[in-house]
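Taking it in order: structure first as structure tokens, then the write-up.
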Amino acid sequence: MSGNLALASVESKPDVRPLTSSGGAEIFGVDISQPQAPTTVAQLRQALLDHGVIFFREQKLEPESHKAFARVFGEIVVNPVYGNVEGHPEIMPVVKEAGDKYNIGDTWHSDMTYMEVPPLGSILYARDVPEYGGDTLFANMAMAYDNLPDTMKQMLEGRRALHSDRFLTARIDERNAGRSTQLRADRAGKEISAWHPIVRTHDETGRKSLFVNFPFTWNIEGLSREESLPILNFLYEHMTMPEFHCRFRWRKGSLAFWDNRAVVHYACNDYHGKRREMHRITIAGTRPR
Ligand code: SIN
């Protein structure tokens with residue numbers, strides 16, 4: 001950080017209020033449009049690690065301040081399959097217009113796990129929200145792992161699964177119909193895929209967690225898709241038990257920052273006829289191990 005920026009930074013006192021014992025915490029007392037002092041950033045990072053997803057209210061962000069906040073936590077990753085906000089390749093619009101039928105993210109997932117190095121996390125900012133509906137749900141994958149039967153844990157240990165973006169890019173026209181957040185037409189037929197451990201060890205907390213998700217995990221190594229699905233479907237059902245959840249009710253100006261290594265999320269499409277507009281920035285992670 002340059003001397004000038006360091007001088008301009010604000011020392012805030014984050015007030016961290018957990019939402020559930022499974023994760024999620026609201027943080028008050030931080031204006032994230034302002035550069036934050038290293039001590040404040042360290043407290044926010046710790047809150048993210050402790051709760052898996054942190055939420056802020058009543059923030060006033062423009063694309064530049066959104067990007068500046070994200071860069072404090074790592075490099076920004078440009079989404080390879082969705083479009084971006086005009087003039088800001090780093091920002092992905094997540095928009096459902098009143099006339100749209102579909103949103104994006106309405107399956108339990110971790111962002112972009114089809115990449116060799118999936119993101120550390122995403123920062124989603126609410127610009128326009130419906131007066132009801134459109135909540136986002138998060139589920140704690142370390143807790144899901146801890147609550148597996150020991151025999152299942154032993155079976156999964158050391159195994160890998162293939163993650164692919166074909167769920168999105170194999171049917172681009174079909175998926176883009178009735179939806180304002182558009183997949184890039186030039187991605188058609190260009191698959192991105194990567195092998196990842198099914199049980200991931202968090203590179204900062206050291207906790208083990210389940211690292212599979214419905215849209216992107218394709219098959220388990222050594223098994224076909226058909227052979228893998230009964231096991232994957234068991235894991236999907238287990239890992240999304242309500243006891244592992246927290247649920248966030250958005251307001252205009254709310255912001256969620258989730259740890260993609262620790263939680264999966266689900267965007268609820270229950271606000272038909274209403275508009276919702278978010279901006280998402282994704283931060284670079286490390287190779288899962
Ligand atoms: C996403 O999956 O990143 C979208 C989440 C949301 O719109 O709530």
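Every number for a ligand or one of its atoms is a count from 1 in the order of the listing.
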I'd like the atom pairs linking ligand 1 to the protein - N or O on both sides, separation under 3.5 Å - with distances to 0.1 Å.
unit_1   : atom_1 : unit_2 : atom_2 : d
ligand 1 : 2 (O)  : His109 : NE2    : 2.9
ligand 1 : 2 (O)  : His265 : NE2    : 3.1
ligand 1 : 3 (O)  : Arg280 : NH1    : 2.7
ligand 1 : 7 (O)  : Arg276 : NH1    : 2.8
ligand 1 : 7 (O)  : Arg276 : NH2    : 3.4
ligand 1 : 8 (O)  : Thr136 : OG1    : 2.5
ligand 1 : 8 (O)  : Arg276 : NH2    : 2.8

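The hydrophobic cluster containing Met143 also includes Met241, Phe244, under a criterion of side-chain heavy atoms closer than 4.5 Å among ILVMFWY residues, counted directly or through chains of members. Cluster partners of Ile76 are Val85, Ile91, Ile281, counting Ile, Leu, Val, Met, Phe, Trp and Tyr whose side-chain heavy atoms approach within less than 4.5 Å, directly or via other members. Val78 shares a hydrophobic cluster with no other residue; no ILVMFWY side chain has heavy atoms under 4.5 Å from its own.
A salt bridge is defined here as a Lys NZ or Arg NE, NH1 or NH2 lying under 4.0 Å from an Asp or Glu carboxylate O, and Glu58 with Lys252 fails to meet this definition. Taking 4.0 Å as the cut-off between side-chain N and carboxylate O, Glu97 and Arg179 do not count as a salt-bridged pair.
A cation-pi geometry, defined here as NZ or CZ lying under 6.0 Å from the six-membered ring centre and within 45° of its normal, does not hold between Arg166 and Tyr114.
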